[in-house]
There are 2 protein chains.
Amino acid sequence: MRLIVARCEVRYSGRLEALLPEALRLLMVKSDGSVMVHADTGGFKPQNWMTPPTVFELERGGEPVPGEDPALAAGRTADGQPVDGDGDGDRAPLTRIVVRKRAGSTEDRLDIRIVEVLSDVVHDMGEAAALEKSGVERELQELLAGAPEHCGEGFRLVRREWPTDIGPVDLMCRDPDDGWVAVEIKRVGTIEAVEQLTRYLERLREDPGMGEVRGVLAAQQIKPQARTLAESRGMDWVEVDLAVLRGEREPALTLFDV
Amino acid sequence: MRLIVARCEVRYSGRLEALLPEALRLLMVKSDGSVMVHADTGGFKPQNWMTPPTVFELERGGEPVPGEDPALAAGRTADGQPVDGDGDGDRAPLTRIVVRKRAGSTEDRLDIRIVEVLSDVVHDMGEAAALEKSGVERELQELLAGAPEHCGEGFRLVRREWPTDIGPVDLMCRDPDDGWVAVEIKRVGTIEAVEQLTRYLERLREDPGMGEVRGVLAAQQIKPQARTLAESRGMDWVEVDLAVLRGEREPALTLFDV
DNA sequence: GCCTGCAGCTTGTGT
DNA sequence: ACACAAGGTGCAGGC
């Protein structure tokens, strides 16, 4: 994420035309290409913004700088350090950022004319923060945390959101033999979910204190391709019934209830 | 504006319960008391937030710090400088920020548990200039009010925002035969817009003094399904060109200009 | 202050 | 890709 505090004028053209007169603002550029222009007041909403996918054009000292992409700067700059070229380095100061986006027949365009850069820093935040769960997935996790035996016979919960450096494992459990089990929870279990669980297991198995770790994919619905892939990688999978977890229905009945 | 980059876990409780697992995030605190928690993906929307008015509670080194208000820090810290207490100063590191807000009978609460502060700076941005924008439904309505013939041949405006007990009709006009016409204006005409116009017409036709009332949906863009539904209900629809309304382009040209 | 309707809504979910 | 529905909607304008 790149954070630029600058005196700037911003023009948006697309669905409508908008002009922000010159003032001090925060320009936030996320690594997914999002751009937000925030004032120090005005609450929740940015004064201007652009959602991905975006294309950037930069100018330094009034001259175009091809190839410099603010959204990718995080990978090329020391973490938390000022970006070279904020006016006190050997490069010309940043004078313009144009953010463009294809929007059907027309084009959305955010034109940021920068008068003065007060700060320009980049932070590499990793990917862990990106994983946020939908309402159903979250409820599933809560219910399964309270009844981990639905993920596997005799499972006991050790911790929800077990942290790893590539993101949190939904549930970390122990099986009846005290073996570790990583449980990945999804509303719909796809191949992508199996891949995710695979990455977690790789990571966890590198920890010598953990030794063998089993993997279980738990979801309301698991696609046939995901079942096959999980089995071929030695993982278990289980389809869970939300109504049963909520105690609204008897587990046995579901066998004949579909 | 205070910008804190920190490894943190965030809990929200209010309308719902939400947990953001421990990860690196940006905490943005505006001087109006707004708080936003951003990951470096996920576009426009913060992962968590609180709109003003808010009350803050801070902890440093696990101990409460009464009286320190992040939203007001901008007035008490040198511009662009790190806030004292980020771990390398003489104060204990920031370990927790609780943002509270009265919300009716219950309370909204954002609980940010901070594991590590990577950066903590304050910028005084002064007063931000207001946004100037045009092109929204408002402008469409103004332009069409000034040139109602774009809604239908020979239309004369009777009044904008014609009041009914289920809401105002955007434009009420008379056609060349002095028949009433209700015009609903949207930027994008969807089925929902047709439904809305339908409700207005139902209401207006109950008025014996009005008699027959035609309906016209006018929008910059009208979805195919909306066109079909409008036609099947005997309403007219018209796509209007903002450039033409503004007089920037010749109406006739648009017939061949698409 | 409450309420209503718009928003460059944004975002998810199903078709 | 597109239509639909919900949002911790946020936000402004009218009463």
Side-chain angles (χ1 to χ4, degrees), chain A residues 10-20 34-37 41-52 54 99 101 103-104 106-110 132-138 186-188 190 220-221, chain B residues 10-20 30 32 34-37 41-52 54 99-104 106-110 130-141 160-161 163-170 184-196 199-200 219-229 242:
Chain A
V10 184
R11 284 170 193 278
Y12 165 79
S13 62
R15 317 265 180 92
L16 56 77
E17 306 288 323
L19 166 67
L20 290 175
S34 321
V35 178
M36 280 138 287
V37 180
T41 54
F44 178 91
K45 219 180 166 185
Q47 288 187 308
N48 254 317
W49 71 94
M50 194 81 85
T51 50
T54 54
V99 191
K101 178 186 181 178
T106 177
E107 188 190 61
D108 277 23
R109 182 190 180 91
L110 199 60
E132 208 194 349
K133 295 169 179 38
S134 69
V136 175
E137 190 175 330
R138 180 147 298 284
K186 284 276 182 288
R187 195 178 59 80
V188 179
T190 63
Q220 273 186 297
Q221 180 205 349
Chain B
V10 184
R11 284 169 193 278
Y12 165 79
S13 61
R15 297 289 182 82
L16 56 76
E17 305 288 321
L19 164 68
L20 293 177
K30 293 189 178 183
D32 63 359
S34 319
V35 178
M36 280 138 285
V37 179
T41 55
F44 178 90
K45 209 178 173 185
Q47 289 186 310
N48 255 316
W49 71 93
M50 194 81 84
T51 51
T54 54
V99 191
R100 293 186 299 116
K101 178 186 183 180
R102 292 262 343 188
T106 178
E107 188 191 61
D108 277 22
R109 184 190 180 89
L110 200 59
L131 177 68
E132 304 160 14
K133 61 181 172 185
S134 62
V136 276
E137 184 179 330
R138 191 90 219 154
E139 189 189 358
L140 263 183
Q141 192 187 111
R160 280 172 65 184
E161 304 284 354
T164 79
D165 52 5
I166 56 170
V169 177
D170 288 334
E184 175 63 31
I185 300 171
K186 283 278 183 286
R187 193 179 62 77
V188 178
T190 63
I191 285 179
E192 196 45 50
V194 179
E195 296 289 4
Q196 188 179 343
R199 291 194 296 272
Y200 287 141
Q220 274 188 291
Q221 181 205 347
I222 301 185
K223 301 284 185 188
Q225 293 184 353
R227 299 179 187 195
T228 306
L229 184 62
L242 204 53

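Below, chain A is the first sequence line, B the second, and so on; all start at residue 1. All of these numbers come straight from a predicted model, not from anything done at the bench. Below, each value reflects all heavy atoms present in this structure, side chains not excepted, and no hydrogens, waters or symmetry copies.
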(Q) Go nucleotide by nucleotide along DNA chain C from the 5' end; which of G42(B) and D170(B) gets its closest nucleotide reached first? (A) D170(B)

Q: Using only side-chain N and O atoms of K223(B), determine if any of them is under 4.0 Å from OP1 or OP2 of dA3(D).
A: yes

Q.
Would F44(A) count as stacking on dG10(D) if stacking means ring centres less than 5.5 angstrom apart and planes tilted under 30 degrees?
A. no

(Q) Is any side-chain heavy atom of W49(B) closer than 4.5 Å to one of L110(B)? (A) no

Q: Would you kindly give the CD-to-P distance between Q47(B) and dG12(C), to the nearest whole Å?
A: 11 Å

**Q.** Whole-Å gap separating P (dG14(D)) and CZ (R160(B))
**A.** 11 Å

Q: Using the P atom as the reference point in each nucleotide, state the distance between dT4(C) and dG8(C) in Å, no decimals.
A: 22 Å

Q: Measure from CG on N48(B) to P on dT9(D) and round the result to the nearest Å.
A: 13 Å

Q: Would you sort out whether Q225(B) and V194(B) count as a side chain to side chain contact (heavy atoms under 4.5 Å, CB included), showing the intermediate values?
A: CA-CA 10 Å; Q225(B) 293 184 353; V194(B) 179; over 6 Å; no

Q. Quick one: is R15(B) getting a side-chain N or O under 4.0 Å of the dG10(D) phosphate, OP1 or OP2?
A. no

Q) When the C1' atoms of dC6(C) and dT10(C) are considered, how many whole Å apart are they? A) 14 Å

Q | Nearest-angstrom distance from the residue atom CD1 of I222(B) to C1' of dA3(D) | A | 16 Å

Q.
How many whole angstroms separate atom CD of Q196(B) from atom P of dG5(C)?
A. 8 Å

(Q) Taking the minimum atom-to-atom distance to the side chain of P224(B), which one of dA3(D), dC4(D), dG8(D) wins? (A) dA3(D)

Q. Taking for each residue the nucleotide of DNA chain D with the nearest heavy atom, is it L110(B) or Q225(B) whose nucleotide lies nearer the 5' end?
A. Q225(B)

Q: Starting from P on dA7(C), measure out to OH on Y12(A) and report it in whole angstrom.
A: 13 Å

Q) Can you check the Q141(B) CD to dG13(D) C1' distance for me, whole Å? A) 13 Å

Q | Any T164(B) side-chain heavy atom under 4.5 Å of R199(B) side chain | A | no

Q | Gap in Å between the two C1' atoms, one belonging to dG14(C) and one to dG8(D), rounded | A | 24 Å

Q | Nucleotide nearest K186(B) (side chain, heavy atoms from C-beta), chosen from dC4(D), dG14(C), dC6(C) | A | dC6(C)

Q: Could you walk me through whether K30(B) and M36(B) pass side chain to side chain contact (heavy atoms under 4.5 Å, CB included), step by step?
A: CA-CA 9 Å; K30(B) 293 189 178 183; M36(B) 280 138 285; 4.0 Å; yes

Q) Can you find a pair of side-chain heavy atoms, one from Q196(B) and one from K186(B), that are under 4.5 Å apart? A) yes

Q | Candidates dT9(D), dC11(D), dG14(C) - which lies nearest the side chain of K45(A) | A | dC11(D)

**Q.** Residue closer to the 5' end of DNA chain C, V188(B) versus G167(B) (nearest nucleotide)
**A.** G167(B)

Q. D32(B) and P52(B): which non-hydrogen atoms are nearest, and at how many Å?
A. O-CB, 3.4 Å

Q.
Taking only side-chain N and O atoms of W49(B), does any of them lie within less than 4.0 angstrom of OP1 or OP2 on dG10(D)?
A. yes

Q: Specify the separation, in whole Å, of atom CZ of R227(B) and atom P of dA3(D).
A: 11 Å

(Q) From the set dG8(C), dC6(C), dG8(D), return the single nucleotide nearest to any side-chain atom of D108(B). (A) dG8(D)

Q. With respect to the side chain of I191(B), which nucleotide from dC6(C), dG8(C), dC4(D) is positioned closest?
A. dC4(D)

